[in-house]
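Structure first, then comments.
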Amino acid sequence: MISPLLVLAIGTCLTTSLVPEKEKDPKYWRDQAQQTLKYALRLQNLNTNVAKNVIMFLGDGMGVSTVTAARILKGQLHHSPGEETRLEMDKFPYVALSKTYNTNAQVPDSAGTATAYLCGVKANEGTVGVSAATQRSYCNTTQGNEVTSILRWAKDAGKSVGIVTTTRVNHATPSAAYAHSADRDWYSDNEMPPEALNQGCKDIAYQLMHNIRDIEVIMGGGRKYMFPKNRTDVEYDIDEKARGTRLDGLNLIDIWKSFKPRHKHSHYVWNRTELLALDPNTVDYLLGLFEPGDMQYELNRNNMTDPSLSEMVDVAIKILSKNPKGFFLLVEGGRIDHGHHEGKAKQALHEAVEMDQAIGHAGSMTSLEDTMTVVTADHSHVFTFGGYTPRGNSIFGLAPMVSDTDKKPFTSILYGNGPGYKVVGGERENVSMVDYAHNNYQAQSAVPLRHETHGGEDVAVFAKGPMAHLLHGVHEQNYIPHVMAYAACIGANRDHCASASSSGSPSPGPLLLLLALLPLGILF
Ligand SMILES: *[C@@H]1O[C@H](CO)[C@@H](O)[C@H](O)[C@H]1NC(C)=O
Ligand SMILES: *[C@@H]1O[C@H](CO)[C@@H](O)[C@H](O)[C@H]1NC(C)=O
Ligand SMILES: *[C@@H]1O[C@H](CO)[C@@H](O)[C@H](O)[C@H]1NC(C)=O
Ligand SMILES: *[C@@H]1O[C@H](CO)[C@@H](O)[C@H](O)[C@H]1NC(C)=O
Ligand SMILES: *[C@@H]1O[C@H](CO)[C@@H](O)[C@H](O)[C@H]1NC(C)=O
Ligand SMILES: [Zn+2]
């Protein structure tokens, strides 16, 4: 890990001076840059270990503008100006760009992209775990076009595997890890057209419990899709929308239990208290479903009933790391995307900050010697911030001027489209009249849309640990799981596996180092 850079403790001086005092001294910047350079030079010693463990953090909708804004927010939550803050993901030594388009979409969705970064194959928007030969919503184009994910490859290699998300566990992102579905919306049979059911396609919740029966850890929301139609929810007994959805009358929790060996300890929990009361040392299989649908936004979370993403990651790693062969863990900060779709930037950014916290926690529980960690997004959003705001301006604040055209103030954060488009008396709303720092404030957009859309530009990939240097340029998104599998010696390409060792020497022999550098030399 990087030795921590100078931590800026600004606090109260912000009000008196815009520029932190120490930043006025050129030595500060030179020392900081030299320290960064020293660290960069050390990277010439490539980490070519075999990755015993692979952790993938997926920020749904976490485009680069979201990463930057979340960084500023995190700093401001710690009473710093914010811009100079380093996110946990900022500390990763390797960064690449990922081209996110789907086979049939310039601006992608979370299903086609999940198929790319989990299964290694680009696919059509709306489809999960199938190749581009499958047409969305057409059940009869599924068979024979299934593609498997790195979660399956890891399981086949004897590793433990886990899925942790803040959305429903059968939502687009996690579902590409275990399901093959022509439509991401087939959460349970209740959401499927009769034709698809007649043709024999299975809903995604059903596939979660049946396709890979020994997933060690599953945590997130989505309770209602596991229970028979109209079954009352354990937490929201009067809410009809929280009730069970299954037309086939199955209780998938019972089925999940029945597939586990009798001598193993499997636990189903539905609230945080129960989760944190578990002793991970004695848990072999864990199913945690904390909400009927998606989990609550972190800002709205009930801290009695719902765990944070960091808490889920903590328990997951403790359970998974008992396997001497290691593990693969997929962690999704799934509601960054939802906050943006609703135009609620504050919700989205707090989701991103919480995911960053989970990344830091996972880093403290694992070693760079044997654990590869990859942080990326499936796609971006039409989210932006600008307006020549001064240093330390609240990330939710106003630009320091009014429009020279309509003479009204504007927030730094804006959306290209979305629900925040507001015209009052034929004119753009005057944001000074509203609480634009509210958790649910919907930032203004240029075009009115009930749901703000995804963005089409590349997203970042942050990587650390064994073979992280192979994420180094502008890549197609489906390259990512090929690298993770190579690092873990679980994929098709195991060329380096015989000579390398899993927990062994951090510094490879000169020949190995030369061989590892060769492809980079050719590329550049
Ligand atoms: C799939 O079913 C649709 C009707 O829903 C039909 O039009 C189409 O020809 C079928 N495709 C294949 C490959 O069988
Ligand atoms: C579920 O409840 C609705 C409304 O109360 C009712 O119309 C429907 O028949 C019920 N379905 C089942 C499968 O019990
Ligand atoms: C958590 O779940 C357990 C088991 O159903 C229950 O006994 C307990 O009351 C629940 N706790 C909360 C805070 O809901
Ligand atoms: C839980 O939430 C309550 C109410 O919002 C708050 O007062 C309390 O401090 C929180 N506890 C923890 C441990 O976060
Ligand atoms: C916007 O609202 C503020 C606060 O009420 C007011 O001072 C300002 O004049 C308004 N600007 C315009 C252009 O209406
Ligand atoms: Zn989305």
Side-chain angles (χ1 to χ4, degrees), residues 1-5 36 39-40 42-43 46-47 51 53-75 83-100 113-114 116-118 150 164 173 309-310 313 317 328-334 336-337 349 351-381 457-488 520:
M1 294 293 296
I2 313 167
S3 52
L5 292 177
T36 307
Y39 174 69
R42 284 215 306 270
L43 289 177
L46 296 178
N47 180 345
N53 313 311
V54 176
I55 307 177
M56 180 177 212
F57 282 92
L58 193 289
D60 197 315
M62 189 181 69
V64 171
S65 54
T66 296
V67 173
T68 310
R71 174 191 303 143
I72 294 171
L73 172 59
K74 188 165 186 169
E83 299 82 2
E84 70 298 327
T85 300
R86 296 176 78 220
L87 290 168
E88 295 297 334
M89 62 186 105
D90 291 338
K91 299 174 188 168
F92 284 35
Y94 297 97
V95 179
L97 290 179
S98 162
K99 297 163 65 180
T100 64
T113 52
Y117 63 75
L118 288 171
I150 186 167
V164 171
T173 297
L309 186 59
S310 301
V313 165
I317 292 178
F328 171 77
L329 173 62
L330 171 66
V331 181
E332 186 196 19
I336 302 167
D337 181 67
L349 296 184
E351 293 297 302
V353 167
E354 173 56 24
M355 189 175 89
D356 193 61
Q357 171 132 340
I359 292 166
H361 189 60
S364 73
M365 297 176 77
T366 53
S367 162
L368 286 176
E369 294 301 316
D370 68 2
T371 303
M372 178 189 220
T373 307
V374 174
V375 179
T376 189
D378 45 1
H379 56 72
S380 186
H381 272 270
E457 80 276 11
D458 299 348
V459 296
V461 189
F462 306 84
K464 68 176 181 181
M467 298 291 175
H469 52 276
L470 299 179
L471 288 157
H472 64 95
V474 181
H475 303 297
E476 292 285 358
Q477 190 167 45
N478 66 298
Y479 171 65
I480 297 169
H482 291 264
V483 171
M484 295 190 294
Y486 181 79
L520 290 175

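We use all heavy atoms of the structure for the numbers below, so side chains are in, but hydrogens, waters and symmetry mates are not.
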Salt bridge (charged side-chain N to carboxylate O under 4.0 Å, His left out) pairs, two or more places apart, involving residues 467-483: Lys99-Glu476, Lys122-Glu476
Give the table of side-chain donor-acceptor pairs shorter than 3.5 Å for residues 358-366, with sequence neighbours excluded, one pair per line with atom names and distance.
unit_1 : atom_1 : unit_2 : atom_2 : d
His361 : NE2    : Asp314 : OD1    : 2.6
Ser364 : OG     : His361 : O      : 2.7
Thr366 : OG1    : Ala362 : O      : 2.8

Any residue meeting side-chain hydrogen bond (donor to acceptor under 3.5 Å, both in side chains) with Thr376, in chain and number order, not counting sequence neighbours: none
Partners passing side-chain hydrogen bond (donor to acceptor under 3.5 Å, both in side chains) against Glu457 (at least two apart in sequence or in another chain): Ser380
Residue among Asp378, Asp337, Val67, Leu349 satisfying side chain to side chain contact (heavy atoms under 4.5 Å, CB included) with Met62: Val67
Inter-residue atom distance Leu329.CG - Asn53.CG, 0.5 Å rounding: 9.5 Å
Atom of Leu43, atom of Tyr94 and distance for their closest heavy-atom approach: O-OH, 3.6 Å
Nearest heavy atoms of Glu354 and Ser310, plus distance in Å: OE2-OG, 2.8 Å
Separation between CZ of Phe92 and CG of Leu87, rounded to the nearest 0.5 Å: 10.5 Å
All side-chain hydrogen bond (donor to acceptor under 3.5 Å, both in side chains) counterparts of Thr66, not counting sequence neighbours: His340
Heavy-atom closest contact (Asn47 atom, Leu368 atom, distance): ND2-O, 3.0 Å
Summary of salt bridge (charged side-chain N to carboxylate O under 4.0 Å, His left out) pairs that have at least one residue in residues 57-71, sequence neighbours excluded: Arg71-Asp90
Reported CD1-to-CZ distance for the pair Ile150 and Phe328, which is rounded to 0.5 angstrom: 5.0 Å
Minimum heavy-atom distance Phe57-Ile55, with the two atoms named: CE1-CG2, 3.5 Å
Those residues that, when tested against Glu351, pass side-chain hydrogen bond (donor to acceptor under 3.5 Å, both in side chains) (two or more places apart): none
Would you be so kind as to tabulate the donor-acceptor pairs closer than 3.5 Å made by side chains of residues 479-487, with sequence neighbours excluded?
unit_1 : atom_1 : unit_2 : atom_2 : d
Tyr479 : OH     : Leu470 : O      : 2.7
His482 : NE2    : Gly120 : O      : 3.1
Tyr486 : OH     : His496 : ND1    : 3.3

Ala96: side chain to side chain contact (heavy atoms under 4.5 Å, CB included) partners, not counting sequence neighbours: Val461, Leu471, His475
Donor-acceptor contact below 3.5 Å, side chain Asp356 vs main chain Met89: yes
Minimal non-hydrogen separation, Leu309 against Glu332, with atom names: CD1-O, 4.0 Å
Exercise: identify the closest heavy-atom pair between Val459 and His379: CG1-C, 3.6 Å
